Amino acid sequence: MSQYQYELQAKVKAYLRKAWEINVQIEHYQNEIRRLKYLRDSIVKPLSDGGRSNLPGDPTGNIAITIQEKTAKLMDKLVDLENQRDDIETYILVSDLTPRHKEVLLKRYVELKSWDKICKEMIYSENHPKKLHAQAINYLAQDWRE
């Protein structure tokens with residue numbers, strides 16, 4: 001294999017691996033959004049249950065507004081990350097790979113499954129999914145466009 005082909009394969013793998021990084025970020029943002037919603041709900045409930053009124057300059061109301069603004073920003077980032085992950089998935093799905101090659105790549109990079117789980121789900125021996133993976137990466141590297 002030429003150095004150039006090896007570099008192209010490395011670029012394809014790096015692109016596909018971005019899905020893992022994106023999923024980690026998505027999980028982090030989802031947890032942060034849940035935490036902020038819990039905080040917001042714990043602040044807003046006392047206000048509606050006869051707590052302090054929402055007067056101008058009320059620190060509790062300002063905190064609730066700040067939490068809502070931060071939640072909205074995180075939601076925007078979350079949507080952007082999900083779009084990036086969808087782009088990677090689409091790249092795999094629209095490729096000219098066989099269904100089995102696509103399945104291996106999707107399970108490995110989009111669903112983030114281990115090789116053991118992939119083998120069990122696809123009912124293959126230990127090395128066959130890795131062989132399909134290598135073939136798929138090689139094929140994608142031939143058509144790689146940056």
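Predicted model, so just to flag it, every value in this text is computed and none were measured.
With values rounded to the nearest 0.5 angstrom, Trp144 atom CH2 is found 13.5 Å from Glu7 atom CD. From Tyr91, atom OH reaches atom CG of Leu97 across 8.0 Å, with rounding to the nearest 0.5 Å. In this structure, the separation between NE2 on His28 and CD1 on Ile26 is 12.5 Å, given to the nearest 0.5 Å. Annotation: the span from Leu39 atom CG to Lys70 atom NZ amounts to 10.0 Å, rounded to 0.5 Å. In this structure, Ile33 CD1 and Leu78 CG are separated by 5.0 Å, a value rounded to the nearest 0.5 Å. Ile67 contributes atom CD1, which lies 11.0 Å from atom CG of Asn62 (distance to the nearest 0.5 angstrom).
Side-chain atoms of Gln84 and Asp80 include a donor-acceptor pair closer than 3.5 Å. One side chain, Arg100 or Tyr124, offers a donor N or O that lies under 3.5 Å from an acceptor on the other.
In terms of heavy atoms, Asn23 sits closest to Tyr109 at ND2-O, 4.5 Å. Looking at every heavy atom in both residues, Ile118 comes nearest to Pro129 through CG2-CB, 3.8 Å. Considering all non-hydrogen atoms of both residues, Gln5 and Ala141 come closest at NE2-CB, 3.7 Å.
Tyr38 and Tyr29 fall into different hydrophobic clusters, where Ile, Leu, Val, Met, Phe, Trp and Tyr residues are linked whenever their side-chain heavy atoms come under 4.5 Å apart, directly or through other members. Cluster membership for Val24 and Leu112, using ILVMFWY side-chain heavy atoms within less than 4.5 angstrom, is shared.
Between His133 and Ile137, the closest side-chain pair of non-hydrogen atoms falls below 4.5 Å. In this structure, Leu16 and Ile92 have side chains that are in contact, with non-hydrogen atoms separated by less than 4.5 Å. With a 4.5 Å cut-off on side-chain heavy atoms, Tyr15 and Asp87 count as touching. Looking at Arg34 and Asn31, their side chains come closer than 4.5 Å, going by heavy atoms from C-beta outward. Contact check for Lys107 versus Met122: side-chain heavy atoms found under the 4.5 Å cut-off. Here the side chains of Gln135 and Lys131 are in contact, with some heavy-atom distance below 4.5 Å. Between Trp115 and Arg108 there is a side-chain heavy-atom pair separated by less than 4.5 Å. Two residues are said to be in side-chain contact when any heavy atoms from C-beta on lie closer than 4.5 Å; Thr98 and Leu132 fail this criterion.
Side chain of Lys102 to main chain of Ser95: a donor-acceptor pair is present (N/O by atom type, distance under 3.5 Å, no hydrogens or angles).
Salt-bridge annotation for Glu21 and Lys18: absent, with no side-chain N of the basic residue lying under 4.0 Å from a carboxylate O of the acidic one.
Counting heavy-atom neighbours within 6.0 Å of Trp20 CH2, excluding the residue itself, gives a total of 12 or less.
Evaluation of the salt bridge (Lys or Arg N to Asp or Glu O under 4.0 Å) rule for Glu111 yields Lys113 as partners, not counting sequence neighbours.
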Would Val12 and Asn138 count as a side-chain contact (heavy atoms from CB on, under 4.5 Å) here? Give the steps.
CA-CA 9 Å; Val12 169; Asn138 187 40; over 6 Å; no
Ile22 vs Ile88, test: side-chain contact (heavy atoms from CB on, under 4.5 Å). Steps then yes/no.
CA-CA 10 Å; Ile22 289 168; Ile88 294 169; 4.1 Å; yes
Run the numbers on Leu8 and Leu140 for side-chain contact (heavy atoms from CB on, under 4.5 Å), then give the verdict.
CA-CA 9 Å; Leu8 288 177; Leu140 291 174; over 6 Å; no
